[in-house]
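As the structure is a computational prediction, the values presented were derived from the model and not from experiment.
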Number of protein chains: 2
Amino acid sequence: MTSTPPSTPSDYDPSRFPAFAVTVDIVILTMSSGALHVLLVRRGEAPFWGRWAVPGGFKRPSETLDEAARRELTEETGVDAASVLRQFGAYGDPGRDPRMNVVTIAYVAVLRDVGAIVAGSDAADASLIPVSAIRDGAVDLAFDHLRIVGDAIERVRLELDTTGIAAAFVGPTFTLAELRAVYEAVWGVQLDAANFRRSIVGRDEWVIPTGNRARPGTAGGRPAELYRAGRAWARGGPIHRTSNDRK
Amino acid sequence: MTSTPPSTPSDYDPSRFPAFAVTVDIVILTMSSGALHVLLVRRGEAPFWGRWAVPGGFKRPSETLDEAARRELTEETGVDAASVLRQFGAYGDPGRDPRMNVVTIAYVAVLRDVGAIVAGSDAADASLIPVSAIRDGAVDLAFDHLRIVGDAIERVRLELDTTGIAAAFVGPTFTLAELRAVYEAVWGVQLDAANFRRSIVGRDEWVIPTGNRARPGTAGGRPAELYRAGRAWARGGPIHRTSNDRK
DNA sequence: TAAGGTATACGTCAGAATGACCAGTACCCC
DNA sequence: GGGGTACTGGTCATTCTGACGTATACCTTA
């Protein structure tokens with residue numbers, strides 16, 4: 001087998017090559033009460049009966065991978081407007097599905113206000129699970145979904161630095177504290193509120209003041225100003241991890 | 001079709017779902033005479049006869065995607081030791097292969113000293129093509145390989161900043177000028193040699209002096225010191241793009 | 001109604017990092 | 001031996017970052 005000539009996609013012979021099922025799995029992330037959560041569905045059949053799994057489904061030949069991901073997201077959560085829906089990996093280990101050869105293309109979606117969405121979902125057994133519970137091994141995931149969720153989170157940790165994905169976690173208007181909570185939850189760090197503010201408000205095009213204020217929480221405190229996201233998020237992020245807290 | 005219940009990979013019925021061929025394509029990048037090059041093979045049959053294509057081949061059910069990528073890389077280039085072999089995307093647009101449903105998982109490989117390797121390759125029609133020629137539209141690529149190559153380059157541009165991939169482009173010992181050429185070629189910028197040196201030599205664990213010197217080129221100049229790569233490359237890169245030259 | 005608590009808003013300061021630039025060194029070619 | 005070239009090493013001004021202190025505006029409780 002090692003002496004076969006270089007095979008490009010050119011020398012097909014449809015009868016010669018193994019068939020795979022291709023699925024699209026979607027790791028749906030959102031902020032809920034200050035912590036990062038992932039939406040999982042509980043499996044109702046074998047294999048992995050009763051285990052949690054990432055929602056997903058089969059790709060159809062007539063649609064692109066991105067279209068399949070968006071379709072599955074809509075079917076699972078009832079929304080067609082995720083702030084972010086990005087492909088981040090493909091998984092095709094032999095035996096990852098005990099029944100057949102399956103290669104899955106994994107997407108990460110970022111939602112805001114997902115609480116109401118889950119309630120209206122078709123999937124009765126969908127739940128928001130804190131990612132901390134998954135990291136602690138407190139949740140049994142089906143298939144290789146533990147690895148998929150882990151890779152998704154790692155991807156978001158990176159993109160928080162290099163893209164404007166942070167803005168996708170907050171609503172159309174938000175306070176700087178809400179935005180800061182995204183960075184703190186995803187990176188697992190604590191950021192100085194004053195310095196965080198300076199990095200964002202001090203520069204151009206990151207946030208646009210709305211003139212309104214948020215109502216303080218039950219603990220009190222000065223009410224925070226509400227902002228809208230500016231244009232700059234399309235070209236990167238305002239906050240960068242220093243090499244110190246990379247590890 | 002929109003009212004189907006949420007379908008997880010669980011509710012399989014192997015007869016119900018469309019079969020795909022799964023291939024692995026490898027964008028092989030290397031530095032050659034100061035410019036970034038990609039290794040392409042010329043197709044000898046329809047469709048896209050005579051066009052350039054990214055080397056690749058079919059995934060086997062008994063191997064992982066990473067194993068398939070490494071096997072194809074070996075078959076195409078004769079080396080089993082790419083400095084970097086990283087998955088970066090999946091492509092499954094309908095009709096991307098006119099003959100059948102194909103989803104390809106794309107990898108980017110970084111080689112050093114690829115010149116000698118290509119000579120010994122099985123693929124007689126393999127060539128190193130400057131990426132500048134591809135960007136200019138001077139090369140006709142088969143299938144959706146133009147998009148795949150473009151995405152691979154964009155990925156490397158990002159990873160140059162966030163990972164130690166730059167060290168994969170140079171040999172086991174290298175001069176700072178060689179390393180600087182990698183950044184300049186991939187990012188399309190010019191870096192001050194003195195500041196570049198300071199960013200790398202001034203900090204710990206990036207490069208280890210060997211005590212030897214490189215022979216200057218025909219143009220003369222002071223001979224450069226030869227270094228080995230240090231431990232720090234495993235955890236990121238020493239050079240960061242400022243937001244100014246992001247666009 | 002007043003006092004205490006809390007979180008946001010804003011400014012200051014020292015240290016680190018960056019970009020621009022200049023001078024010295026060591027080799028090549030002519 | 002002289003000029004050209006590229007690496008080495010340094011200075012300087014600017015910007016960025018982390019740390020921290022203080023004022024502001026709302027909440028809760030007494």
Rounded to whole Å, how long is the line connecting atom OH of B:Tyr183 with atom P of C:dG19? 13 Å
Smallest separation among heavy atoms of A:Thr210 and A:Leu226, with atom names: OG1-O, 2.8 Å
When all nucleic acid strands are considered with a 4.0 Å heavy-atom cut-off, which category describes A:Ala177: base, sugar-phosphate, or nothing? sugar-phosphate
Rounded distance [0.5 Å steps], CG in A:Leu158 versus CZ in A:Phe88: 12.5 Å
What is the distance from CG of B:Leu179 to C1' of D:dT8, rounded to the nearest Å? 16 Å
Might you point out which heavy atoms bring B:Trp52 and B:Asp125 nearest each other, and give the distance in Å? CZ3-O, 3.5 Å
Whole angstrom is fine here: how far is it from CG in A:Leu176 over to P in C:dC10? 10 Å
Taking CD from A:Gln190 and C1' from D:dG18, how many angstroms apart are they, rounded to a whole number? 14 Å
Ranking B:Arg180 and A:Pro238 by the position along DNA chain D of their nearest nucleotide, the one closer to 5' is B:Arg180
Would you jot down, in residue-number order, the residues of residues 196-206 of chain B having a non-hydrogen atom under 4.0 Å from DNA chain D? B:Arg197, B:Arg198
Pairing donors with acceptors under 3.5 angstrom, does anything connect the side chains of B:Asp25 and B:Tyr91? no
Restricting both atoms to N or O, compile the protein contacts to nucleotides 25-27 of chain D shorter than 3.5 Å, with distance only.
| unit_1 | atom_1 | unit_2 | atom_2 | d |
| --- | --- | --- | --- | --- |
| D:dA25 | N3 | A:Arg222 | N | 3.4 |
| D:dC26 | O2 | A:Gly221 | N | 3.2 |

Parallel, tilted or perpendicular: ring planes of B:Trp233 versus B:Trp206, cut at 30 and 60 degrees: perpendicular
Assign A:Ala193 to base, sugar-phosphate, or nothing according to its heavy-atom contacts below 4.0 angstrom with the strands shown. nothing
Of all residues at least two apart in sequence or in a different chain, which pass the side-chain hydrogen bond (donor to acceptor under 3.5 Å, both in side chains) check with B:Asn195? B:Arg198
So CG of B:Leu29 and CZ of B:Phe169: to nearest 0.5 Å the spacing works out to 5.5 Å
Please report, rounded to the nearest Å, how far the C1' atom of D:dA19 is from the CG atom of A:Leu191. 13 Å
Could you tell me the separation between the NE2 atom of B:His240 and the P atom of C:dA16, rounded to a whole number of Å? 17 Å
Once you round it to whole Å, what is the distance between P of C:dC13 and CG of A:Asn195? 15 Å
Nearest-0.5 Å distance that lies between atom CD1 in A:Ile153 and atom CZ in A:Arg155: 14.0 Å
Starting at OG1 of A:Thr175, measure out to CD of A:Glu178 and round the result to the nearest 0.5 Å. 4.0 Å
